[in-house]
Amino acid sequence: MRFLTGLQPSGQLHIGNYFGAIKPAVELQEKGEAFYFIANYHAMTTMESAAKLKENTISLAVDFLACGLDPKKAVLFSQSAVPEVNELAWILSTVCPMGLLERCHSYKDKVAKGFSPSHALFAYPALMAADILLYNSDAVPVGKDQKQHLEVTRDLAAKINDTFGADIFKLPEAIISEVTAVVPGLDGQKMSKSYGNTLPIFGEEKPLRKLINKKIVTDATPLEAPKPTEGSIILAIYKLFASEEQYKAMIEAHQRGGVGYGQFKKDVFEAYWEYFRAAREKREWILANPDYVTTVLTDGANRAREEAAKTMSRLREAVGLIWH
Ligand code: ADP
Ligand code: TRP
């Protein structure tokens, strides 16, 4: 079984990314062959700074490794290290009906958020299909918002098979975890960098402590009074990091009264800080050894290119691009 997924290098990772994408990917590396890439071509659809793109690409690799990606088990590479993906995207585009792309939500959503409506943003699902098909992936772990892109991928794979030969592509499955609930942001909406309500995975202790203390929204129940547990953002975030007993104890303290929100927020910080301790230490080591990341990405790119070359030589032959 080969798993593949891509993450856009679009800024500092937050705990929503961790529980929704990074942690599941790290767990899957134990269950099959894992191909994980940093989707830097995709990020270009919404980012114009070369320096930022570079910085985000490397920091995503660092953070992914710090969070447990094991390069002995998973192949980690940057999308642009395998430029064949663009050739595949082109070939897929030739069988991609306009209507299929027009129905995709992501384009409209991004334009509504103010990103410029470029051709690349519109054609993005064809590139994503190429990402998946280039590596013969069986299963693709993604968030719910990406489900439609997997349907596009299967449609395009089937079209190529119908047109040029039945066995060219496997039809990959989406793995959409229903278990990973949406991680709430500090204001209670879905955590997302576009809402400015995120808790980063990594950062300096003091500002993070302050962030939790100042930004988690609570009601105005006085210290002595019992506090509502239903809809509590503090409890929802604490649950991600605390042991079962710790979580129960905080619920009881809410119900009893006599403990203020300030104390609960301190408890949230402590649990969060402890939860990422090992990852933080690993990250420090990686940052002190920059060659490590370069080596991992270079080895990953070599392995990915091998796979890409096999697919492309099969496909080029099948569609008639090789005439001699
Ligand atoms: P953001 O909403 O901050 O822009 P992205 O859309 O870049 O995050 O998401 C990257 C990955 O993280 C996706 O797989 C997505 O499903 C996951 N993810 C993002 N936010 C959350 C969240 N609040 N809860 C669970 N998973 C999330
Ligand atoms: N579109 C995905 C996102 O925005 C990232 C991505 C690009 C991806 N190519 C992929 C995910 C291929 C899975 C497979 O989150």
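Numbers for residues simply follow the sequence, beginning at 1. These numbers come from a predicted model, not from an experiment. Whatever order the structure lists ligands and atoms in, that order sets their numbers, starting from 1.
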Item to check | Sub-4.0 Å atoms of ligand 2 with respect to non-hydrogen atoms of Y124 | outcome: 1 (N), 2 (C), 3 (C), 4 (O)
Next on the checklist: Considering non-hydrogen atoms of the protein only, which is the closest contact for atom 5 (C) of ligand 2, and what is the distance?
Outcome noted: G6 O, 3.4 Å
Checklist entry - Can K310 and E307 be counted as an ion pair, charged N to O under 4.0 angstrom? => result yes
Next on the checklist: Would Y135 and F37 count as a ring-ring contact (aromatic ring centres under 6.0 Å, His included) here? Give the steps.
Outcome noted: CA-CA 11 Å; Y135 304 104; F37 70 94; 7.0 Å; no
Checklist entry - Which of parallel (below 30°), tilted (30 to 60°) and perpendicular (above 60°) describes F269 and W273? => result parallel
Next on the checklist: At under 4.0 Å between heavy atoms, is it the side chain or the backbone of L127 that contacts ligand 2, or both, or neither?
Outcome noted: neither
Item to check | Qualifying residues under side-chain contact (heavy atoms from CB on, under 4.5 Å), relative to D70, sequence neighbours excluded | outcome: Q29, K72, K73
Next on the checklist: Using a 4.0 Å cutoff against the non-hydrogen atoms of V142, which atoms of ligand 2 qualify?
Outcome noted: 11 (C), 13 (C)
Checklist entry - Do K215 and D187 meet the salt-bridge criterion of a basic N to acidic O distance under 4.0 Å? => result no
Next on the checklist: Under 4.0 Å, heavy-atom basis, I'd like to know which part of L7 is in contact with ligand 2: side chain, backbone, both or neither.
Outcome noted: neither
Checklist entry - How does Q146 reach ligand 2, if at all, at less than 4.0 Å between non-hydrogen atoms: by side chain, backbone, both, or neither? => result side chain
Next on the checklist: As a check for students: among L13, N17, D145, identify the option with a heavy atom nearest to atom 19 (C) of ligand 1.
Outcome noted: N17
Checklist outcome for this item: For D131, the atoms of ligand 2 under 4.0 Å from one of its heavy atoms are 7 (C), 9 (N), 10 (C), 12 (C)
Checklist entry - Under a 4.0 Å heavy-atom limit, does F37 contact ligand 2 with its side chain, its backbone, both, or neither? => result side chain
Item to check | The one among G11, G6, G16, S10 that brings a heavy atom closest to atom 22 (C) of ligand 1 | outcome: G16
Item to check | H14 N/O to ligand 1 N/O under 3.5 Å | outcome: yes
Next on the checklist: Apply side-chain hydrogen bond (donor to acceptor under 3.5 Å, both in side chains) to residues S194 and S192 and explain how you reach the verdict.
Outcome noted: CA-CA 5 Å; S194 28; S192 170; 2.9 Å; yes
Checklist outcome for this item: One finds that the ligand 1 atoms under 4.0 Å from a non-hydrogen atom of G20 are 25 (C), 26 (N)
Next on the checklist: If you apply the rule ring-ring contact (aromatic ring centres under 6.0 Å, His included), what do you find for F202 with F64, and how did you get there?
Outcome noted: CA-CA 11 Å; F202 298 113; F64 216 147; over 10 Å; no
Item to check | Numbered atoms and elements of ligand 2 in range of T5, under 4.0 angstrom, heavy atoms | outcome: 11 (C), 13 (C)
Checklist entry - In terms of atom number and element, which parts of ligand 1 are under 4.0 angstrom from non-hydrogen atoms of M191? => result 20 (N), 21 (C), 22 (C), 23 (N)
Checklist entry - Which bit of Q8 is near ligand 1, meaning a heavy atom under 4.0 Å away: side chain, backbone, both or neither? => result neither
Item to check | R303/E33 ion pair, N-O < 4.0 Å | outcome: yes
Checklist entry - Between Y247 and Y238, how do the two ring planes meet: parallel, tilted or perpendicular, split at 30° and 60°? => result tilted
Next on the checklist: Any atom of ligand 1 sitting under 4.0 Å from a heavy atom of V142?
Outcome noted: no
Checklist outcome for this item: The option among Q79, Q8, H42 carrying the non-hydrogen atom nearest to atom 7 (C) of ligand 2 is H42
Without placing hydrogens or testing angles, list every side-chain donor-acceptor pair under 3.5 Å for residues 149-158, not counting sequence neighbours.
from : atom 1 : to   : atom 2 : distance (Å)
H149 : ND1    : Q146 : OE1    : 2.9
H149 : NE2    : S106 : OG     : 3.1
T153 : OG1    : H149 : O      : 2.7
R154 : NH1    : P172 : O      : 3.0

Item to check | Which of the ligand 2 atoms, numbered from 1, are nearer than 4.0 Å to a heavy atom of V140 | outcome: 13 (C), 14 (C)
Checklist entry - Under 30°, 30 to 60°, or over 60°: which ring-plane class applies to F264 and H254, parallel, tilted or perpendicular? => result parallel
Item to check | Nitrogen or oxygen of S194 less than 3.5 angstrom from that of ligand 1 | outcome: no
Next on the checklist: Whether K31 and E27 form a salt bridge (side-chain N of Lys/Arg under 4.0 Å from carboxylate O of Asp/Glu) is what I want to check.
Outcome noted: no
Checklist entry - For ligand 1, which atoms sit closer than 4.0 Å to a heavy atom of A21? => result 11 (C), 12 (O), 14 (O)
Checklist entry - Hey, are the side chains of V319 and I91 touching, using non-hydrogen atoms and a 4.5 Å cut-off? => result yes
Item to check | Min N/O separation V182 to ligand 1 under 3.5 Å | outcome: no
